[in-house]
Amino acid sequence: MKRLNMRTFMAALMVMLMLLMAGCSGENGSNKAQESHNTSVNSSSNTEAQAPEKKAESAMSMTLYYPDDSGMKLIAVKRDVKPSPDKYVAVMKSLMSGTDKKGTVDIIPKTAKLRSVKVKDGVAKVDFSRELIKDFNGGSTGEEMLVGSIVDTLTEFSEVKKVQILVEGKPVDTIAGHMDTEKPLSRMTGLLK
């Protein structure tokens, strides 16, 4: 009887070690903690963590927003995005990769880098490198399209109500001098086609 208990204990210990190693490798997937506004790595030591890891392998269908070729409205573009290691980062990277859909154009400078996306209390703080401002060459309408593209894409997540754009970790007054971006912004439905 003790031998059976020792085998059960050893098997449980091996499962816990495998889960910890999977969590440390950055493949934490889309788990329930992330669904409730927590994007930190969650290493679980129980066997229930195996189901969310399988979810991370499959792509989620997301709606990304790009300006139309006249620069007046945002057009929804459906795309499958793998949510690993973080669904918010994955969606923003997909948005930044650009579009090839007819009638749409890229708006985020190719030189801009995504530093992080953190969601807390309904606000997504999306942090870019300084090239977002430095290499952006649009006017007032272009700035509105850039901001709307970011805000409307992230607010596709039901838990995200507002988006705060950061550059090098700090809020910025404006991207190109025409629009106030210092505070978190709500979904910009007036821009949608």
Side-chain angles (χ1 to χ4, degrees), residues 23-44 52 56 60 62-67 71 74 77 79 81-99 105-189 191:
C24 291
S25 71
E27 305 224 2
N28 60 327
S30 173
N31 59 30
K32 291 183 184 196
Q34 286 176 319
E35 298 286 329
S36 63
H37 319 293
N38 181 0
T39 62
S40 62
V41 175
N42 183 13
S43 296
S44 178
M60 59 184 180
M62 287 299 300
T63 303
L64 312 177
Y65 293 93
Y66 292 96
L74 292 175
V77 175
R79 190 176 292 166
V81 178
K82 288 192 177 184
S84 181
D86 178 280
K87 64 184 181 179
Y88 308 113
V89 169
V91 165
M92 282 306 303
K93 284 187 174 181
S94 184
L95 178 70
M96 293 172 72
S97 72
T99 179
V105 296
D106 296 341
I107 191 70
I108 299 173
K110 292 288 184 197
T111 54
K113 303 284 185 257
L114 181 68
R115 294 176 38 139
S116 68
V117 181
K118 295 181 179 151
V119 176
K120 184 177 180 186
D121 299 327
V123 177
K125 292 187 177 185
V126 56
D127 188 10
F128 293 96
S129 66
R130 67 179 48 97
E131 287 79 13
L132 181 73
I133 294 173
K134 185 179 131 214
D135 295 339
F136 180 70
N137 58 9
S140 59
T141 304
E143 182 177 14
E144 188 177 35
M145 292 293 113
L146 170 73
V147 171
S149 178
I150 295 165
V151 170
D152 287 359
T153 295
L154 283 170
T155 55
E156 278 293 308
F157 291 105
S158 61
E159 65 272 20
V160 176
K161 305 302 179 204
K162 292 187 175 188
V163 176
Q164 171 79 64
I165 296 174
L166 307 174
V167 173
E168 300 293 330
K170 296 178 182 162
V172 290
D173 296 337
T174 185
I175 304 296
H178 309 285
M179 187 175 178
D180 183 7
T181 57
E182 189 174 12
K183 294 183 180 169
L185 301 163
S186 298
R187 189 167 179 84
M188 301 168 74
T189 54
L191 297 178

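Computed from a prediction, not measured in an experiment: that's the story for all the values here. These numbers come from the heavy atoms of this one structure, side chains and all, not from hydrogens, waters or symmetry mates.
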Inset, instruction - Please tell me if the side chains of M188 and E144 come closer than 4.5 Å, counting only heavy atoms from C-beta onward. - result: yes

Legend entry - Between CZ on residue R115 and NZ on residue K125, distance to nearest 0.5 Å: 13.5 Å

Inset, instruction - Please answer whether the main-chain N or O of D152 pairs with a side-chain N or O of R187 as donor and acceptor at a distance below 3.5 Å. - result: yes

Legend entry - Value rounded to 0.5 Å, distance of CD1 in I165 from CD1 in I175: 5.0 Å

Inset, instruction - Give a yes or no answer on whether the side chain of T181 reaches the backbone of V172 with a donor-acceptor pair at less than 3.5 Å. - result: yes

Inset, instruction - Give a yes or no answer on whether the side chain of T153 reaches the backbone of Y65 with a donor-acceptor pair at less than 3.5 Å. - result: yes

Inset, instruction - Take L185 and I150 through the test side-chain contact (heavy atoms from CB on, under 4.5 Å) and record every step on the way to the result. - result: CA-CA 10 Å; L185 301 163; I150 295 165; over 6 Å; no

Inset, instruction - Looking only at non-hydrogen atoms, find the nearest pair between K162 and S186 and report the distance. - result: CE-OG, 3.4 Å

Legend entry - Contacts of D106 that satisfy salt bridge (charged side-chain N to carboxylate O under 4.0 Å, His left out) - sequence neighbours left out: K110

Legend entry - Evaluation steps, side-chain contact (heavy atoms from CB on, under 4.5 Å), between K113 and M96: CA-CA 9 Å; K113 303 284 185 257; M96 293 172 72; 5.7 Å; no

Inset, instruction - Could you tell me whether the side chain of L64 reaches within less than 4.5 Å of the side chain of T99, counting heavy atoms only? - result: no

Legend entry - Closest heavy-atom pair and its distance - G142, I107: O-CD1, 3.7 Å

Legend entry - Polar side-chain atom of E156 near backbone of T63 as donor-acceptor pair, under 3.5 Å: no

Legend entry - CG-CD distance between N137 and E143, expressed to the nearest 0.5 angstrom: 12.5 Å

Inset, instruction - Write down the atom of L95, the atom of S149, and the distance for their closest heavy-atom approach. - result: CD1-OG, 3.6 Å

Inset, instruction - For the pair E182 (side chain) and Q164 (backbone), establish whether a donor and an acceptor sit closer than 3.5 Å, ignoring hydrogens and angles. - result: no

Legend entry - Non-hydrogen atoms of S97 and R79 that approach each other most closely: OG-NH1, 3.5 Å

Legend entry - Donor-acceptor contact present, side-chain S94 to main-chain A90, <3.5 Å: no

Legend entry - Check: P67 and L74 side chains under 4.5 Å, non-hydrogen atoms: yes

Inset, instruction - List the steps, then state whether side-chain contact (heavy atoms from CB on, under 4.5 Å) holds for F128 with L114. - result: CA-CA 5 Å; F128 293 96; L114 181 68; 4.1 Å; yes

Inset, instruction - Starting at CE of M92, measure out to CG of D86 and round the result to the nearest 0.5 Å. - result: 12.0 Å

Legend entry - Short side-chain to backbone donor-acceptor contact, T155 and V160, under 3.5 Å: no

Legend entry - Contact summary for A124 and L154, nearest pair of heavy atoms: CB-CD1, 4.2 Å

Legend entry - Y88 side chain vs S116 backbone, donor-acceptor pair below 3.5 Å: no

Legend entry - Residue pair V117, V91: steps toward the side-chain contact (heavy atoms from CB on, under 4.5 Å) verdict: CA-CA 10 Å; V117 181; V91 165; over 6 Å; no

Inset, instruction - Quick one: closest heavy-atom pair of D127 and G169, and the distance? - result: OD1-N, 2.8 Å

